[in-house]
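Predicted model only: the values in this text are computed from it and were never measured.
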Amino acid sequence: MGFIYENLVRPALFKMEPEQAHDRGRTALMTMGALPTLCNLVRRYNQVCEDKPVKLFGLEFPNRVGLAAGMDKDGEFPRAIEALGFGHAEVGTVTPEGQPGNPRPRLFRYPEQHSLINRMGFNNKGAEVMLQALSKNYPKGKRGIPVGVNIGKAKTTPLDQAVEDYVSSFRTLADQADYFTINISSPNTAGLRDLQGATYLRELLQTIRHENLAHAKKLGRDPHPLLLKIAPDLTFHEIDEIVGVLLELNYDGIIATNTTIQRPEGFKSKETGGLSGGEFIRRHSNEVINYIYKSTEGKLPIIGVGGIDSVEAAGEKIDAGASMVQIYTGWVYRGPFFARELARALKSKGEDWI
Ligand SMILES: Cc1cc2nc3c(=O)[nH]c(=O)nc-3n(C[C@H](O)[C@H](O)[C@H](O)COP(=O)(O)O)c2cc1C
């Protein structure tokens with residue numbers, strides 16, 4: 001199957017302008033996701049369940065491979081993602097209201113490095129639309145895999161009001177999210193990464209935590225697991241500060257990492273945005289994962305993401321200290337059955353890592 005994708009489907013897709021090809025892929029996934037019978041059939045072939053579900057932050061995941069945020073920005077096709085063998089889907093980044101993102105072109109591919117650069121800028125239809133999509137197509141309580149909702153700040157919201165955006169999306173989507181990811185690490189929304197600095201971070205994370213606890217109390221339920229997604233471009237000192245706040249506020253985990261604004265030596269393209277996929281980001285995200293794992297003595301669960309384009313690369317993330325992994329760019333290059341391949345491989349090696 002991978003052979004057919006890499007030799008027939010991918011060349012045809014890669015003849016198209018990158019975002020157009022992305023849109024085609026998304027349309028196919030949406031179409032599939034809207035057909036539960038088809039999804040059930042496809043799932044029978046692809047589903048990978050570990051002998052015991054992976055238990056992390058109070059949730060159960062059938063396997064260790066998730067879809068990273070940014071592919072399903074509006075929560076339109078998590079059922080298709082489940083059918084293709086993923087163990088969880090992270091949807092978003094979503095903002096309270098819809099926004100168009102940056103002008104096109106804003107997605108660029110570098111096949112030799114298995115990389116992409118994007119400066120999408122959180123194009124999405126808004127939290128209310130995501131709520132409708134999830135409630136209708138893949139409602140909580142009737143899911144085969146957990147769905148995480150990744151929330152961010154709108155382009156026009158000033159930094160000192162950013163917290164209101166996060167709280168607003170949290171409120172709108174609380175009934176449909178299995179966990180929330182606070183995204184303060186995308187490089188394409190001006191100022192967003194400043195939220196990683198101590199000045200804003202504590203207040204932001206504290207406010208969301210209070211909201212989460214109050215919401216849970218009101219409904220008599222457990223609070224949602226809360227995760228923070230960080231950039232690979234932080235210094236170890238900055239990581240220490242962030243991790244300190246997460247531990248202090250009892251956050252459930254960290255997603256490391258988002259795309260990088262750095263470039264490998266000799267990289268020819270001058271396009272701005274976040275680089276994903278390939279060896280360069282893989283190395284950076286592995287360093288971040290390993291640093292967090294060691295400095296917290298494994299106390300903070302880590303989802304490892306960045307540059308996974310092979311079974312070995314996924315294994316490196318687990319060896320570095322991640323409990324689960326997510327993929328995006330590797331999936332674009334390796335095709336729809338790549339998640340299944342990784343999940344199977346991690347399952348078969350699993351015993352060593354538990
Ligand atoms: C086109 C594109 C859009 C993305 N959009 C988002 C996003 O909206 N929110 C987010 O947290 N990460 C986003 N990401 C980052 C990915 O989730 C992931 O962290 C990053 O690409 C590194 O993983 P990879 O090398 O497997 O792609 C995006 C990545 C790409 C390539």
Side-chain angles (χ1 to χ4, degrees), residues 25-26 28-94 130-131 133-151 173-181 222 224-227 229 252-253 255 301-305 308 314 317-318 322-328 330-331 335-347 350:
R26 258 196 292 265
L29 290 164
M30 253 154 66
T31 310
M32 182 177 151
L35 301 168
T37 315
L38 176 64
C39 283
N40 285 342
L41 276 174
V42 176
R43 194 188 56 207
R44 259 183 235 170
Y45 177 70
N46 292 304
Q47 194 174 38
V48 182
C49 295
E50 300 249 347
D51 297 335
K52 285 191 204 137
V54 182
K55 288 191 181 160
L56 214 55
F57 21 87
L59 299 176
E60 291 196 350
F61 299 81
N63 66 56
R64 290 171 198 273
V65 180
L67 178 70
M71 175 76 74
D72 188 358
K73 294 213 180 249
D74 299 301
E76 292 170 312
F77 48 82
R79 188 185 294 282
I81 295 305
E82 179 199 342
L84 290 167
F86 284 93
H88 72 276
E90 188 163 312
V91 298
T93 296
V94 67
M130 179 183 278
L131 176 70
L134 291 176
S135 323
K136 180 166 165 258
N137 300 327
Y138 202 59
K140 197 166 170 177
K142 295 185 178 171
R143 289 178 183 160
I145 57 171
V147 174
V149 174
N150 178 309
I151 53 180
L173 284 152
D175 287 344
Q176 285 300 324
D178 291 306
Y179 72 83
F180 278 99
T181 299
D222 287 339
H224 287 79
L226 296 178
L227 279 64
K229 184 164 178 181
D252 297 275
I255 304 191
I302 304 166
I303 299 185
V305 51
I308 297 178
K317 290 265 186 291
I318 305 283
S323 301
M324 293 200 296
V325 300
Q326 293 181 339
I327 54 172
Y328 188 136
W331 201 52
F337 301 105
F338 183 49
R340 181 189 64 178
E341 183 186 336
L342 293 181
R344 279 187 181 161
L346 294 189
K347 177 184 174 182

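- Taking each heavy atom of His224 and Ala174 in turn, the nearest pair found is NE2-O, 2.8 Å.
- Classified by interplanar angle (parallel below 30°, tilted 30° to 60°, perpendicular above 60°), the ring pair His88/Phe61 is perpendicular.
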Using the rule given for side-chain contact (heavy atoms from CB on, under 4.5 Å), can you reason through Ile81 versus Trp331, listing the C-alpha separation, both sets of side-chain angles and the distance that settles it, and then say yes or no? CA-CA 11 Å; Ile81 295 305; Trp331 201 52; 3.8 Å; yes
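- Closest of all the heavy-atom pairs between Leu342 and Ala314 is CD2-CB, 4.0 Å.
- Across all their heavy atoms, Pro62 and Gly144 have their closest contact at CG-O, 4.0 Å.
- Separating the CD1 atom in Ile318 from the CD1 atom in Ile308 is a distance of 7.5 Å, to the nearest 0.5 Å.
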Show the numbers, then the answer: is there a side-chain contact (heavy atoms from CB on, under 4.5 Å) between Val325 and Leu346? CA-CA 10 Å; Val325 300; Leu346 294 189; 4.2 Å; yes
Under the criterion side-chain contact (heavy atoms from CB on, under 4.5 Å), I'd like the reasoning laid out for Leu84 against Phe337: C-alpha separation, chi angles, the key distance, then a yes or no. CA-CA 6 Å; Leu84 290 167; Phe337 301 105; 4.3 Å; yes
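- Side-chain contact between Ile145 and Pro78: absent, with no pair of heavy atoms (C-beta onward) separated by less than 4.5 Å.
- Considering every non-hydrogen atom in both Ala69 and Gln326, the closest pair reads N-OE1, 4.4 Å.
- Here the CG atom belonging to Asn150 is positioned 10.0 Å from the CG atom belonging to Leu227, to the nearest 0.5 angstrom.
- The two residues Ala133 and Gly75 make their nearest non-hydrogen contact at CB-O, 3.5 Å.
- Atom OG1 of Thr31 and atom CG of Leu38 lie 10.0 Å apart (nearest 0.5 Å).
- Side-chain contact between Asp252 and Pro301: absent, with no pair of heavy atoms (C-beta onward) separated by less than 4.5 Å.
- Using a distance-only test at 3.5 Å, with no hydrogens or angles considered, a donor-acceptor pair links the side chain of Arg26 to the main chain of Met71.
- When side chains are defined from C-beta on, Tyr328 does not count as touching Val305, because their heavy atoms never get closer than 4.5 Å.
- A distance of 11.5 Å separates CD1 of Ile302 from CD1 of Ile255, quoted to the nearest 0.5 Å.
- The minimum heavy-atom distance linking Pro146 with Gly87 is given by the pair CD-O, 3.5 Å.
- For the pair Arg143 (side chain) and Tyr138 (backbone), a donor-acceptor distance under 3.5 Å is present.
- Remark: Glu76 pairs with Lys125 by the side chain to side chain donor-acceptor pair (under 3.5 Å) rule, at least two apart or across chains.
- Between Phe338 and Val65, every side-chain heavy-atom pair lies at or beyond the 4.5 Å cut-off.
- Taking CZ of Arg79 as the reference point, atom CG of Asp72 lies at 13.0 Å (rounded to 0.5 Å).
- Glu82 pairs with exactly one of Lys142, Arg43, Arg340 by the salt bridge (Lys or Arg N to Asp or Glu O under 4.0 Å) rule, that one being Arg43.
- Without hydrogens or angle criteria, Asn63 side chain to Lys347 main chain gives no donor-acceptor distance under 3.5 Å.
- Counting only heavy atoms from C-beta outward, the side chains of Asp178 and Lys140 approach each other to under 4.5 Å.
- Residues passing the salt bridge (charged side-chain N to carboxylate O under 4.0 Å, His left out) test with Lys55, sequence neighbours excluded: Glu60.
- In this structure, CG on Leu67 lies 7.0 Å from CD1 on Ile327, to the nearest 0.5 angstrom.
- Between Lys317 and Ile303, the closest side-chain pair of non-hydrogen atoms is not below 4.5 Å.
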